[in-house]
Amino acid sequence: MKPICDLLEERVLAAMAAVGGAGAPAVVRPTQDGRFGDYQANGVMGLAKKNKSNPRQLAEQIVEQLDVADMCEQPEIAGPGFINFRLKPEWLAGRLLEAVRDPQRLGVDAAENSPVTVVDFSSPNIAKQMHVGHLRSTIIGDVIARVLDFWYGEPSKVVRQNHVGDWGLQMGMINVGAVIQALKNLSGEKNVQEYGSWEKLRGCIPLSEMVFNINELEWQYKEVNIEIKSDPWVENACREATLNLQKGEPEETEFWKKACEVSLNACHEIYEQLGVKLGLDDVCGESFYNDRLPGVIEDFAKEGLLEESEGAQCVFLEGFKSKEGEPLPLIVQKSDGAFLYATTDLAAIRYRVGELKAERVIYVTDSRQKLHFEMVFAAAKKAGWVDDSVHLEHVPFGSVLGKDNRPFKTRSGETVKLKGLLDEATKRARKIVEEKNPELSEELKDEISQAVGIGAVKYADLSNNLVSDYVFDWDKMLAMEGNTAPYMQYAYARVQSIFRKGQIDIDELLGRHEQLELNEPEELQLAKLLLRYGEIVEAVAGDLRPHIMTGYLFELAQAFSSFYTNCPVLKADEAVRDYRLLLCLQTARTIKHGLGLLGIEVIEQM
RNA sequence: GCGCCUGUAGCUCAGUCCGGAUAGAGCGACGGUUUCCUAAACCGUAGGUCGUGGGUUCGAGUCCCGCCAGGCGUACCA
C-alpha cells in the first residue's frame with residue numbers, strides 16, 4: 001500500500017500540473033492540528049510566489065482540478081493558501097481493513113531498488129568486557145540493520161559487520177599479561193623482573209596450555225599496564241609478542257585465537273541478553289584486514305597521493321586543517337612502520353565495496369569519530385575506490401552520561417560493564433513486577449522482567465535524538481508513565497488481554513469481515529495513526545533516526561489507551577465489537593512490529 | 001586558534017536537513033475519573049523573550065551573517 005501522504009502528493013501534483021504548475025513541489029504533510037484536517041498541502045504558496053499569482057486564487061484553481069473525492073471530504077483552502085484534507089471515515093476503514101489483511105508487512109510496501117548495505121556496528125575489543133561505551137553503537141546499529149532489512153524487503157540486502165578490535169599491540173599485551181600472571185600463580189608473589197624479555201618469559205610456560213576466562217583476561221591486561229610502568233622491559237616484551245603474532249608464530253597465534261574465542265563468546269552472551277542480532281558470522285575484525293593493509297599504502301603511492309611527513313606516511317586531503325592551520329594529514333602508516341585504524345578502515349571500505357559489493361556503508365560510532373570518518377571517506381573517494389554510486393555514511397551519536405553530566409562511570413570511577421548493567425536492569429524490573437503483580441507465576445515474572453528491563457535500557461537510548469548526549473537514569477527509563485518501554489509494553493499487554501478475555505479466534509474474526517466502520521473519535525484517531533506506520537518506517541529508514549519510531553509508537557499507544565478507556569470492546573454490540581477488535585488487532589501488531597524493529601520484546605501479560 | 005555538535009516550558013526532550021497556520025510531548029505541579037476488557041491507565045488546568053543581535057521572506061524555532069555559553073575534536077590511540 002502506498003502511504004497516504006504519497007497518494008495525496010500525487011493527486012496534488014497532478015492538479016498543480018493541470019493549472020500550469022508542473023514541477024513544483026506539493027509539500028504534503030500531516031497537519032499539526034486536527035482543526036486543519038488530517039493532511040495539508042503547502043506547495044501552493046511556493047508556486048504562487050514563483051508565478052507571482054495570488055496564492056488563494058491559485059489554491060482555488062488547484063482544488064477545482066483536484067480529484068480526491070474517493071478518499072477525502074471536500075478539501076478546504078485556509079490561511080494564506082494551505083489546502084487541508086480530511087480523510088473520509090469509510091475510506092480509512094477500507095484501507096485499514098486492507099492493512100489488517102497483511103499480517104506480514106502491515107500494509108507497508110518494500111522499497112524499490114534498494115542498495116546492498118553494510119552496517120558496521122558494536123565493534124568491541126578483544127580481551128576486554130563490553131562496557132557502556134559499546135551500548136549505543138550496539139543497539140542503534142542493530143535497529144538500523146533491522147529497519148533497513150524490513151524496508152528493503154526480501155531477499156535481504158543488509159550485511160552486518162562487527163569490526164572487532166582483535167589486532168595490534170594489545171594482543172601482545174594480553175599474552176605477556178597472561179604469562180606473568182601464570183608465573184605469579186606458580187611461584188607466589190615472585191617478582192617477574194628477572195626475566196627481562198619476552199623470549200625468556202614465554203619459555204617458562206607453554207602458551208598453548210594456558211586456560212583463562214574473560215575476567216582473567218581483562219584483569220591481566222590491566223596488570224600489564226601497571227607492570228609496564230614499573231618494569232620498562234615489559235613494554236618491549238609486549239612488542240615482541242605482538243611481532244611474533246604478526247609473523248604467525250604458532251604459540252602466539254594459538255594463544256591469540258583462544259583469547260579471541262573467549263572474548264567473542266562473552267560478547268555474544270551480551271548480544272543474546274540484549275536481543276541484538278549480531279552473530280559470529282558477522283565478526284570481521286581488524287585482523288581480517290591484516291594482509292590487505294600494505295595494499296592500501298601501495299595504492300595510495302600508485303595514485304601519487306602518499307606523502308611522507310615527519311616520518312609518517314600520509315594522505316593530505318583538501319579542507320582539513322590542523323591546530324596550527326597547516327594541512328591536516330590522514331596518517332596511514334606510522335613513522336615506525338606500523339599501520340593504524342585509518343589504514344584498517346580504508347582496507348575495510350575496499351573489501352566492502354569491492355568484495356561484498358556494498359552500495360551503501362553505514363558506520364555507527366560515537367560522534368567523536370566524525371572527523372576520522374570524514375577523512376577516511378574523502379581518502380577512499382580520492383583514491384577512486386568508491387565512486388558516486390556508493391554511499392558512505394557515518395551515523396554519529398552522543399555519549400551516555402551519569403547524573404553528574406559526566407561520562408557514565410561507577411561510583412569508584414570504573415567503566416560500567418554491560419553485563420552488570422543489563423543484569424541490574426532486569427533485577428530492577430523484577431522488583432517492580434513483584435510489587436505490581438505478585439500473583440503471577442515465577443516463570444512469567446522472569447519473562448516480564450527480562451523484556452521490560454532490557455527494553456527500558458534500549459528504549460531510553462533510542463528515544464533520544466542520536467546526536468545528543470543523554471543521562472542514564474534508571475527511574476526514568478523504568479517509569480510506567482511517559483515515553484518509555486514499559487508504557488508501550490503495557491499498552492500491548494492490555495490489547496492482548498482483550499483477546500484473551502474474549503477468547504477471540506483471530507482467523508475466524510478476520511474471515512467474518514468484509515467491511516469495517518469507524519465512528520467514535522477515538523476509533524478514527526487510532527485508525528489514522530495505524531495507517532501512518534508505513535510513512536514512519538520510511539522516515540526512519542531514510543533518516544536513520546530511531547527516535548522517530550519511538551515517538552510514533554508512543555503516540556499510537558496513547559491513542560490506544562484513550563480508545564481503551566472510552567470505547568469498550570468486548571461489551572459493545574456485536575458489529576461494533578468486531579470493528580473494535582480489528583482495531584485492537586492492528587494496534588497490537590503495529591506495536592509489536594514497531595518495537596520489533598527497535599529490537600524490543602513485547603509480553604502478553606504484565 | 002580552527003572545525004563539528006548542542007542551546008526550545010521548572011526538569012527531560014520533539015520540531016531545524018526540506019521555512020508555513022495560535023511552537024508540541026512527557027515528567028513534575030495542581031484538579032478530576034475506578035459497580036465497566038489490566039488505574040503500570042484516562043481526562044483536564046497552569047507553565048515558553050525558541051541562547052542572543054541583525055538580515056532574507058507574504059511568512060523564521062527552521063535559511064544567512066555576527067556574538068554568547070557548554071560539549072567534543074583538532075599528526076602518528078581507537
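Sequence lines set the chain letters: A, B, ... in the order given, protein chains first and strands last, and positions in each chain run from 1.
Annotation: B/U16 and B/G51 have their C1' atoms spaced 15 Å apart (nearest Å).
Residue A/Cys314 is classed as a base contact, given a heavy-atom separation below 4.0 Å to a base. A/Leu570 comes within contact range of at least one nucleobase, with a heavy-atom separation under 4.0 Å. In this structure, A/Ala479 reaches neither bases nor backbone, as no heavy-atom distance under 4.0 Å exists between it and the strands shown.
A donor-acceptor contact closer than 3.5 angstrom links the side chains of A/Asn566 and A/Glu522. A side-chain N or O of A/Tyr459 and one of A/Asn483 form a donor-acceptor pair less than 3.5 Å apart.
Note on A/Asp366 versus A/Arg136: no salt bridge recorded, every NZ/NE/NH1/NH2 to OD/OE distance being 4.0 Å or above. For A/Arg406 and A/Asp404, the salt-bridge test fails: no basic side-chain N is under 4.0 Å from an acidic carboxylate O. Ion pairing of A/Lys321 with A/Glu326 is absent here, as no side-chain N (NZ or NE/NH1/NH2) approaches a carboxylate O to less than 4.0 Å. Using a cut-off of 4.0 Å between Lys/Arg side-chain N and Asp/Glu carboxylate O, A/Asp446 and A/Arg430 are scored as salt-bridged.
Contact annotation: A/Ser367 side-chain N/O to B/U6 OP1/OP2 distance is not under 4.0 Å.
In this structure, the CZ atom of A/Arg29 is 11 Å from the P atom of B/A21, given to the nearest Å. Residue A/Phe82 contributes atom CZ, which lies 11 Å from atom C1' of B/C58 at whole-angstrom precision. A straight line from CG of A/Asn566 to C1' of B/C36 spans 12 Å, rounded to a whole angstrom. Spacing between atom CZ of A/Arg430 and atom P of B/A40 amounts to 19 Å, rounded to whole angstrom units. Put simply, CG on A/Asp404 is 15 Å from C1' on B/G70, counting in whole angstrom units. Counting to the nearest Å, the P atom of B/U6 and the CG atom of A/Asp469 are 11 Å from each other. Look at CZ on A/Phe397: it is 16 Å from C1' on B/G71, rounded to the nearest Å. In this structure, CZ of A/Phe560 is placed 17 Å from C1' of B/C43, rounded to the nearest angstrom.
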Interface polar pairs with nucleotides 76-78 of chain B, N/O, under 3.5 angstrom:
| residue | atom | partner | partner atom | Å |
| --- | --- | --- | --- | --- |
| B/C76 | O2 | A/Ser335 | N | 2.9 |
| B/C76 | N3 | A/Ser335 | OG | 3.4 |
| B/C76 | N4 | A/Glu310 | O | 2.6 |
| B/C77 | OP2 | A/Lys334 | NZ | 2.4 |
| B/A78 | OP2 | A/Tyr341 | N | 3.3 |
| B/A78 | O3' | A/Glu286 | OE2 | 3.0 |
| B/A78 | N7 | A/Tyr341 | OH | 3.1 |
| B/A78 | N6 | A/Tyr341 | OH | 2.6 |

Using nucleotides 23-30 of chain B, report all nitrogen or oxygen pairs with the protein that are shorter than 3.5 Å.
| residue | atom | partner | partner atom | Å |
| --- | --- | --- | --- | --- |
| B/G26 | OP1 | A/Gln558 | OE1 | 3.4 |

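Residue pairs meeting the salt bridge (Lys or Arg N to Asp or Glu O under 4.0 Å) criterion with at least one partner in residues 538-561 of chain A, sequence neighbours excluded, are A/Asp543-A/Arg545. Contacts classified as side-chain hydrogen bond (donor to acceptor under 3.5 Å, both in side chains) and involving residues 44-56 of chain A (residues at least two apart or in different chains) are not found.
For A/Met480, the listed nucleotide lying nearest its side chain is B/A41; candidates were B/G20, B/C36, B/A41. Among B/A40, B/U6, B/C42, the nucleotide with an atom closest to any side-chain atom of A/Val467 is B/U6. Nearest to the side chain of A/Ser497, among B/A40, B/C37, B/A14, sits B/C37. When distances run from any side-chain atom of A/Tyr564 to the nucleotides B/U38, B/G15, B/A41, the shortest one goes to B/U38. Residue A/Ser561 has its side chain nearest to B/A41 when only B/C43, B/A41, B/A40 are considered. Here the side chain of A/Arg494 is nearest to one of B/G71, B/A41, B/A40, namely B/A41. Taking only side-chain atoms of A/Arg545, from C-beta outward, the nucleotide of B/U38, B/A21, B/C17 with the closest atom is B/C17.
Remark on RNA chain B: of its neighbouring residues A/Asn465 and A/Ala493, the 5'-side contact belongs to A/Asn465, judged by nearest-heavy-atom nucleotide. The residue among A/Lys501 and A/Phe316 whose nearest nucleotide of RNA chain B is located toward the 5' end is A/Lys501.
Within a 6.0 Å radius of NZ in A/Lys382, more than 12 heavy atoms belonging to other residues, nucleotides or ligands are found.
Listed by chain and number, the residues in a salt bridge (charged side-chain N to carboxylate O under 4.0 Å, His left out) with A/Glu535 are A/Arg532 (sequence neighbours excluded).
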Next item on the list: Any chance you could encode RNA chain B as dot-bracket? Rule is Watson-Crick or G-U wobble with both distances under 3.5 Å; [ ] for pairs crossing earlier ones, | for another strand.
Entry: (((((((..((((......[...)))).(((((.......))))).....(((((..]....))))))))))))....

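Taking the six-membered ring for Trp and thresholds of 30 and 60 degrees, A/Trp167 and A/Trp256 have ring planes more than 60 degrees apart, a perpendicular arrangement.
Not a single donor-acceptor contact under 3.5 angstrom links the side-chain atoms of A/Lys323 to the base of B/G3.
Taking the six-membered ring for Trp and the full ring otherwise, the centers of A/Phe377 and A/Tyr363 sit less than 6.0 Å from each other.
The side-chain contact (heavy atoms from CB on, under 4.5 Å) test with A/Tyr564 is passed by exactly one of A/Leu526, A/Ile498, A/Thr587: A/Ile498.
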